[in-house]
Amino acid sequence: MPPEGISDLEIEIDWVALRAAADEAARHAYAPYSRLQVGAAGLADDGRLVVGCNVENASYGLTLCAECGLVSALAASGGGTLVALSVTAGDGRPLAPCGRCRQLLLEHGGENLAVDWGPDAPPRTIGELLPGAFGAGELSDRRKAT
Ligand code: THU
C-alpha cells in the first residue's frame, strides 16, 4: 500500500526516469565551493517535466538550491502544481530536500507532493517531511484586519 496522501496517479510515476532527469540536471550545477552537484526533477500536474540545479555564490549565503531553480522553472514554464519530485547528487541516489526547500515545495506541490526516497522505500509526502508547517492559511486566517 502507498503511504497516505500518495494518490493512484502518483504511484504510476516513473521514478527511475525522474531520478535520471535529476542526475542529468546535476551535471549542470555550479557548485565550486561545496562540490556537491545537486539536481532536481519534478513532474507538474499537467505532465510537464521541470528541472533545476544548485547555483552557488562566493558569498555562501546566496547559494540557490536545486529545488529553487526547479520551482522557478515550474513558474516560468506555465505554473501548476508539482506532483512528484526527485533530488539527487548526480549519483542516482535521492538526496533529502533541505528544510528551506521543503517549505518552498509545500507551497508549489501541496502536502501530497510525492518525494523520491529511493528504490527500496516508498516515496514520502512533503506533508510527512514537513509536519505542522506554516502555510498560506496562517496569513489569510490570522493577519491583522485592515
Ligand atoms: N543543496 C541543494 O541544492 N538542495 C538541497 O535540498 C540541499 C542542499 C545544495 C546547496 C549547496 O550548493 C550544496 O547543496 C551543499 O549544501
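Every number for a ligand or one of its atoms is a count from 1 in the order of the listing.
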Treating Arg19 as the side-chain partner and Val87 as the backbone partner, does any N or O pair qualify as donor plus acceptor under 3.5 Å?
no
Give the numbers and elements of all ligand 1 atoms closer than 4.0 Å to a heavy atom of Glu56.
11 (C), 12 (O), 13 (C)
Output yes when the distance from some N or O of ligand 1 to some N or O of Asn54 is under 3.5 Å, and no in every other case.
yes
With side chain to side chain donor-acceptor pair (under 3.5 Å) as the criterion, how do Thr88 and Arg93 come out once you've worked through the C-alpha distance, each side chain's angles and the decisive distance to 0.1 Å?
CA-CA 6 Å; Thr88 74; Arg93 287 191 296 137; over 6 Å; no
Is there a polar contact, in the sense of an N or O pair closer than 3.5 Å, between Cys101 and ligand 1?
no
Can a side-chain donor-acceptor contact be found between Thr63 and Asn57 if the only test is distance below 3.5 angstrom?
no
Under 4.0 Å from a heavy atom of Pro97: which atoms of ligand 1 are those, numbered in the order shown and with their elements?
6 (O)
Mark yes when over 12 heavy atoms from residues, nucleotides or ligands other than Glu56 sit less than 6.0 Å from its CD; otherwise mark no.
yes
Could you list which atoms of ligand 1 come closer than 4.0 Å to a heavy atom of Thr63?
10 (C), 11 (C), 12 (O)
One residue to check: Ala66. Relative to ligand 1, which of side chain, backbone, both or neither has a non-hydrogen atom less than 4.0 Å away?
both
Can you check whether Val115 reaches Thr125 side chain to side chain, under 4.5 Å on heavy atoms?
no
Got the closest protein heavy atom to atom 7 (C) of ligand 1, with its distance?
Cys98 CB, 3.9 Å
May I ask you to identify the nearest protein heavy atom to atom 8 (C) of ligand 1, giving residue, atom name and distance to one decimal place in Å?
Cys65 SG, 4.0 Å
side-chain contact (heavy atoms from CB on, under 4.5 Å) between Asn54 and Leu64, intermediate numbers included:
CA-CA 5 Å; Asn54 56 332; Leu64 302 173; over 6 Å; no
Please identify which atoms of ligand 1 are closer than 4.0 Å to at least one heavy atom of Glu67.
2 (C), 3 (O), 4 (N), 5 (C), 6 (O)
Measuring from atom SG of Cys101 to atom CG of Leu106, what distance do you get when rounded to the nearest 0.5 angstrom?
12.5 Å
Would a 4.0 Å cut-off, counted as strictly less than, catch a protein heavy atom around atom 16 (O) of ligand 1?
no
Numbering as shown, the atoms of ligand 1 that approach Ser34 to under 4.0 Å (heavy-atom distance)
13 (C), 15 (C)
If you measure from CG on Leu113 to CG on Asp45, what distance do you get to the nearest 0.5 Å?
11.0 Å
